[in-house]
Amino acid sequence: MDPAYAGLRDRALAQTLTAEDAAEPNGLDPLERLTCRTHRRWVHECIASPQHVFVVTGHRWCRDCSTAANVAVDQLTWHVSVSCPRCGRSPEGAATRQIVRTCRASMAAAAQGRIEADADAA
Ligand SMILES: [Zn+2]
Ligand SMILES: [Zn+2]
């Protein structure tokens, strides 16, 4: 594991961060990651940060309004929605679908990690 992540309490997070950092130079699309190198978190936990807005690719960006879109993540229902604060619409296209998909996958990975941690502790 990358020593930079050794201090993280969430072992599954540390392992996934390490694996994705290693895979990125070999072709893993950074926007397909389930973890965030910048914030050292699961992507669903920090997708709301301004650093997750990418104007060029349309990630969290409403082109109609030139406005950063909000992402709402419901960790109970695993519902993820992207919406523009101006027009209220969800930006169409692959970028929005990718956000929903990766956030749901990161929630699943985090939940799986918690289950395994509980099993280890028992
Ligand atoms: Zn982040
Ligand atoms: Zn808009």
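Every number for a ligand or one of its atoms is a count from 1 in the order of the listing.
For Arg40, there are no salt bridge (charged side-chain N to carboxylate O under 4.0 Å, His left out) partners at least two apart in sequence or on another chain. Scanning for salt bridge (charged side-chain N to carboxylate O under 4.0 Å, His left out) contacts around Asp2 gives an empty result, with sequence neighbours left out.
Ring geometry, His52 versus Phe54: the interplanar angle exceeds 60°, so the pair is classed perpendicular (tilted spans 30 to 60°).
Here the protein contributes Cys36 SG, His39 ND1, Cys46 SG, His52 NE2 as N, O or S atoms under 2.8 Å from the Zn ion (ligand 1).
In Glu92, the CD atom is not crowded: 12 or fewer heavy atoms of neighbouring residues, nucleotides or ligands sit closer than 6.0 Å.
Neighbours of the Zn ion (ligand 2) restricted to protein N, O or S atoms under 2.8 Å: the count is 4.
Salt bridge status for Asp21 with Arg33: present, with a side-chain N to carboxylate O gap under 4.0 Å. With respect to Glu116 and Arg11, no salt bridge is recorded, no charged nitrogen being found less than 4.0 Å from a carboxylate O. Salt-bridge annotation for Arg89 and Asp64: present, with a side-chain N of the basic residue lying under 4.0 Å from a carboxylate O of the acidic one.
Under the side chain to side chain contact (heavy atoms under 4.5 Å, CB included) test applied with Ser90, the options Val100, Ile99, Thr96 reduce to a single match, Thr96.
At a cut-off of 3.5 Å, with distance as the only test, a side-chain donor of Gln98 or His59 sits close to an acceptor on the other residue.
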